[in-house]
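Both backbone and side-chain heavy atoms feed into the values below; hydrogens, waters and symmetry mates do not. Because the structure is a prediction, the values reported are computed rather than measured. Whatever order the structure lists them in is the order used to number ligands and atoms, beginning at 1.
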Amino acid sequence: MQTPPWPPVRTRSLVVAAGALVAVPVVGVLLALTAFSSVPNGHARLTAPQAEAVPANALVNTGFEDGTQGWKAQGGGQVRPSTTAAHGGRHSMLVTGKDGKRPGASLDLAGKLRPGTVYGVSVWLRLPAHDPGAKLRLGMSWGWASAVQDTVLTSADVTADGWVRLEAKYTPVTAVDVLTADISPVSGDGEFHVDDFTVVPLPDRPQVTVPSLKEAFGASFEIGAAVGQQQLAGMEADLLKRQFGSVTPTNALKWTATEPQPQAYRFAAADAIVDFATANGMKVRGHTLVWHNQTPDWVFLDPAGKPMTPTAENKALLLQRMESHIAAVVGQYRGRIQTWDVVNEVIADDGTMRASRWYQLAGLDFIKRAFQAARIADPAAKLCVNDFNLSQPTRRDAMYQLVSTLKAEGVPIDCIGDQTHVNIAAPTAAQVSAALEKFARLGIDQQVTELDVSVYTDNTSVYTTVQPALLARQAAQYQALFGVYLKHRDKISSVTFWGLADNDSWLHTYPIPRTNAPLLFDAGLAPKPAFWAVVGDRPAN
Ligand code: XIL
């Protein structure tokens, strides 16, 4: 048995998988493949190098001196020990096909590799005498019983003239149920010798331990993610618990979800999220009590079943419905939801109040009464007005005016939430800073409530794949934003992302259906360039 030296001869970056960058409704998979090397043909040693000791810390070391050591044939082939050729010792393993089918061989590694550790995977391959040549690949199959994916680590041309080494670095970022190493032919007639397969943790290399956002920023502000029930299980739940200290139910607390029919409250979906958060020591932002969207039509119908017109009776009925809704929903989670978006999106782009049915029927009173009702339902909860594009000067100044009016009248408002649905080009750090500084003059808390950074700068473009250059611009934008947030950490109490990872974002359907990649984790749940830009500590590889 031989163990080839590290580091590898040559390395090149390997993008995890094209699919990881696009919006596929992927199973949560958390594997980061960092870099890889294949010994280039021609530079490879075609004969056995001098024997070296296998490192004592080799996790896997199959030299086939004692049978096939757990390797199994794939694709209808066979595996058996052979003395016809050996890279080290007297034996190799011969993989043979059947009925003209190209065989492969695989070794179960489930439970053997530790997430976050860089492993060197190496194997020596050679073809039987007189075989003209083949291309062989080394890969990993990984995932869960229902969804196993293949990742090619490296491949090389192999001949009968000598041994060729395939080697790769491989880093599982989190645990999976299924993990096998696979060797299989890409071309050729499908018979080959395998020897000295090793998996060695690389002690001389930095370990890729993915930092935790909540640990990195927790001293400055809470870090949260918007989630649905689909994020509460499996890999997504693991990522959520490790990275985030707070959750916001994406839709489960909206009026359509909680009171679809008058007084017929439904809390199952929100309960699942709040229970998960409580069980895991996470905070919850309640989103949202009063909004013009995702509100059932019945709310705005008069007793005759007609759309309300602005009369005193209708205003009274509307506000009574609103207060009873707020009492029920906030009351349900009293003590368990620390912050509420009491009203959502009340400012119009031109700086006037949005002409929603709420405003048309009840004027500013809907806002004042909503805050008062929420304060009564849970006196300890922090109460926010939430809106978008608040770095935009017209909207910013309108929000400033509104909050200053409300505060002057004694309305119990504690915070301004800026959704922060931004893109790779706008807003600038200076604009974001200016809004934070202006709102601070109100003596009010501020929260970033729905952060995401679209890779599009318009409402019409559609990319089939999101190119690395866009992800680099996105990383720069996220870095700029977090630079501002850290600078103003005395003004901000939480930063919540509108989603967990790129496999599930509202921006895949809004404003039009298109692939987007707005968050810090990719569709396979692996950290993106933006993640490393934000935590500022990308491991060298
Ligand atoms: C979005 C959700 O993410 C979607 O699932 C839903 O279909 C529509 O609403 N501003 C808000 C959020 O305040 O409530 C919105 O959430 C995104 C924009």
Inset, instruction - Answer yes or no: does atom NZ of K283 have more than 12 heavy-atom neighbours from other residues, nucleotides or ligands under 6.0 Å? - result: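 Counting neighbours around NZ of K283, 12 or fewer heavy atoms of other residues, nucleotides or ligands fall under 6.0 Å, so no.
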
Legend entry - Neighbour count above 12 (heavy atom, 6.0 Å) for Y265 OH: yes

Using a 4.0 Å cut-off to any heavy atom of [X], which atoms of ligand 1 qualify?
X	result
Q419	10 (N), 11 (C), 13 (O)
H421	10 (N), 18 (C)
W291	14 (O)
T250	2 (C), 3 (O)
H287	11 (C), 12 (C), 13 (O), 14 (O)

Inset, instruction - State whether the shortest distance between N or O atoms of W506 and N or O atoms of ligand 1 falls below 3.5 angstrom. - result: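 Checking ligand 1 against W506, no N or O pair falls under 3.5 Å apart.
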
Inset, instruction - Measure the distance from atom 6 (C) of ligand 1 to every protein heavy atom, then report the residue, atom name and distance (to 0.1 Å) of the closest one. - result: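 Looking only at protein heavy atoms, the one closest to atom 6 (C) of ligand 1 is N251 OD1, 3.4 Å.
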
Legend entry - Residue and atom name of the nearest protein heavy atom (relative to atom 3 (O) of ligand 1), distance in Å to one decimal: W498 NE1, 2.9 Å

Inset, instruction - Could you pull out the closest heavy-atom pair between L520 and A530, with the gap in Å? - result: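 Heavy atoms of L520 and A530 come nearest at CD2-CB, 3.6 Å.
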
Inset, instruction - Compute the ring centroids of H421 and W506, then answer whether they are less than 6.0 Å apart. - result: yes

Legend entry - Aromatic contact, F267 with Y333 (centres under 6.0 Å): yes

Inset, instruction - From atom 13 (O) of ligand 1, work out which of H508, Q294, K254, E450 has a heavy atom at the shortest distance. - result: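 Heavy atom nearest to atom 13 (O) of ligand 1 belongs to E450.
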
Residue portion contacting ligand 1 (non-hydrogen atoms closer than 4.0 Å) for [X]:
X	value
F388	neither
N344	side chain
T288	neither
Y510	neither

Legend entry - Note: R266-D271 ion pair, threshold 4.0 Å (strictly below): no

Legend entry - Salt-bridge contact R396-D418 (side-chain N to carboxylate O under 4.0 Å):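 Salt bridge absent between R396 and D418.
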
Legend entry - Donor-acceptor pair, side chain of N280 and main chain of M282, under 3.5 angstrom: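 The answer is no, because no donor-acceptor pair under 3.5 Å joins these two groups.
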
Inset, instruction - Classify the side-chain pair Q419/D387 by whether it contains a donor and acceptor separated by less than 3.5 Å. - result: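 There is no such pair (donor and acceptor under 3.5 Å, judged by atom type) between the side chains of Q419 and D387.
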
